[in-house]
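In what follows, a structure is listed as C-alpha cells, so that the remarks can point back to it.
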Amino acid sequence: MSGPAPYHYFAGHDELVGAVTADFFRELTEQLEAAREAYPPGDHTRRLLATCRAMRRWAVTHRAEFGWVFAGPVTSRRREPAGRDFEQVFLDEVVDLWRPRPFPVPDELDPSIREQLPLYAAAHGTPMPVEAIHVFLSCWIRLYGMLCMEVLHQLDFAYTDLEPVFEDLLRELAPRLGIGYDAAAGREP
C-alpha cells in the first residue's frame, strides 16, 4: 500500500489516528469483557480481578498498541465511544460492587477533589458519591501507573518479571474496594 493510500478511506491524519485508536480500544475492551463475563454478575471479586489481569495481559502482549493508546496525553479522540466503552468496563463493575456493599471511603476529601469529581460523576452517570469515585480513581491511577511503568520498561533496572509486583498491587487494592484477593481469577491456565 502506498503512503497516501489510507487517505482514500480517511479524510485526514486525525481521522486515521482516531480510527486506529478506536480499533485498539475495541480490541482491549472485548478482552476485558470476555475476562469479566467468565464469572457470574454477582461475583465482583473475581470479575474485577479477572478484568485487571486481562488488561495487564493485553498491555504486555500489545506494547506498541498500549503505548499508542495510553502513553500520551488524553485527547478528544480518546474520549470517543470506543474509549468511553473501555473506561466503562471498570467503572460499571465498581458501581455494581458499590451498590449492594459500599466499600470504605475517606471521611474527608480535599475541597478541590470534592469540586472536581461531580463533573466526572455527571459525565459517566455514576450513582456513587464523590468519595467512592475518588477511591475508584485512586485504584485506577495505581493500576494504570503500574502498567505504564512495565510496558514502557521503566522498571527493567530492578525487575525481570513484574507479574508478582502486579499481583502485590492487586492484593493491596482489593481491600480498598471492599473485596478479597483471589490469586486465580482470570489467570490463564
Residues passing the salt bridge (charged side-chain N to carboxylate O under 4.0 Å, His left out) test with Arg99, sequence neighbours excluded, are Asp96
Salt bridge (charged side-chain N to carboxylate O under 4.0 Å, His left out) filter on Glu163, not counting sequence neighbours, yields Arg187
Taken in chain and number order and not counting sequence neighbours, the residues that satisfy side-chain hydrogen bond (donor to acceptor under 3.5 Å, both in side chains) with Gln88 are Asp92
Test item: Gln116 side-chain N/O and Ser112 main-chain N/O as donor-acceptor pair under 3.5 Å | yes
Residues pairing under ring-ring contact (aromatic ring centres under 6.0 Å, His included) where one sits in residues 40-63, two or more places apart or in two chains, turn out to be Trp58-His62
Residues 131-141 vs side chain to side chain donor-acceptor pair (under 3.5 Å), sequence neighbours excluded, gives Arg114-Glu131
Exercise. When hydrophobic residues are tied together by side-chain contacts of less than 4.5 Å, even through go-betweens, does Leu169 share a cluster with Leu152?
Worked result: no
Would Val165 and Met149 show up in the same hydrophobic cluster when neighbours are defined by side-chain heavy atoms closer than 4.5 Å? yes
Applying side-chain hydrogen bond (donor to acceptor under 3.5 Å, both in side chains) to Glu30 and not counting sequence neighbours gives none
_In this structure, is the centre-to-centre distance between the rings of Phe166 and Tyr159 below 6.0 Å?_
no
Residues at least two apart in sequence or cross-chain that pass salt bridge (charged side-chain N to carboxylate O under 4.0 Å, His left out) with Arg36, listed by chain then number, are none
Residue pairs passing the salt bridge (Lys or Arg N to Asp or Glu O under 4.0 Å) test with at least one member in residues 132-142, sequence neighbours excluded, are Arg142-Glu172
ask   = Would you call the rings of Phe66 and Tyr144 parallel, tilted or perpendicular if under 30° counts as parallel and over 60° as perpendicular?
value = tilted
Sorted by chain and number, sequence neighbours left out, ring pair (Phe, Tyr, Trp, His ring centres under 6.0 Å) with Tyr39 holds for none
Residues pairing under ring-ring contact (aromatic ring centres under 6.0 Å, His included) where one sits in residues 102-122, two or more places apart or in two chains, turn out to be Trp98-Phe103, Tyr120-His124
Glu65 meets the side-chain hydrogen bond (donor to acceptor under 3.5 Å, both in side chains) criterion, sequence neighbours left out, with none
With sequence neighbours left out, the residues meeting side chain to side chain contact (heavy atoms under 4.5 Å, CB included) with Ala38 are none
- prompt: Under 3.5 Å, side chain of Arg63 to main-chain N/O of Val151, donor-acceptor pair present?
  reply: yes
Relative to the ring of Phe25, is the ring of Phe70 parallel (under 30°), tilted (30 to 60°) or perpendicular (over 60°)?
perpendicular
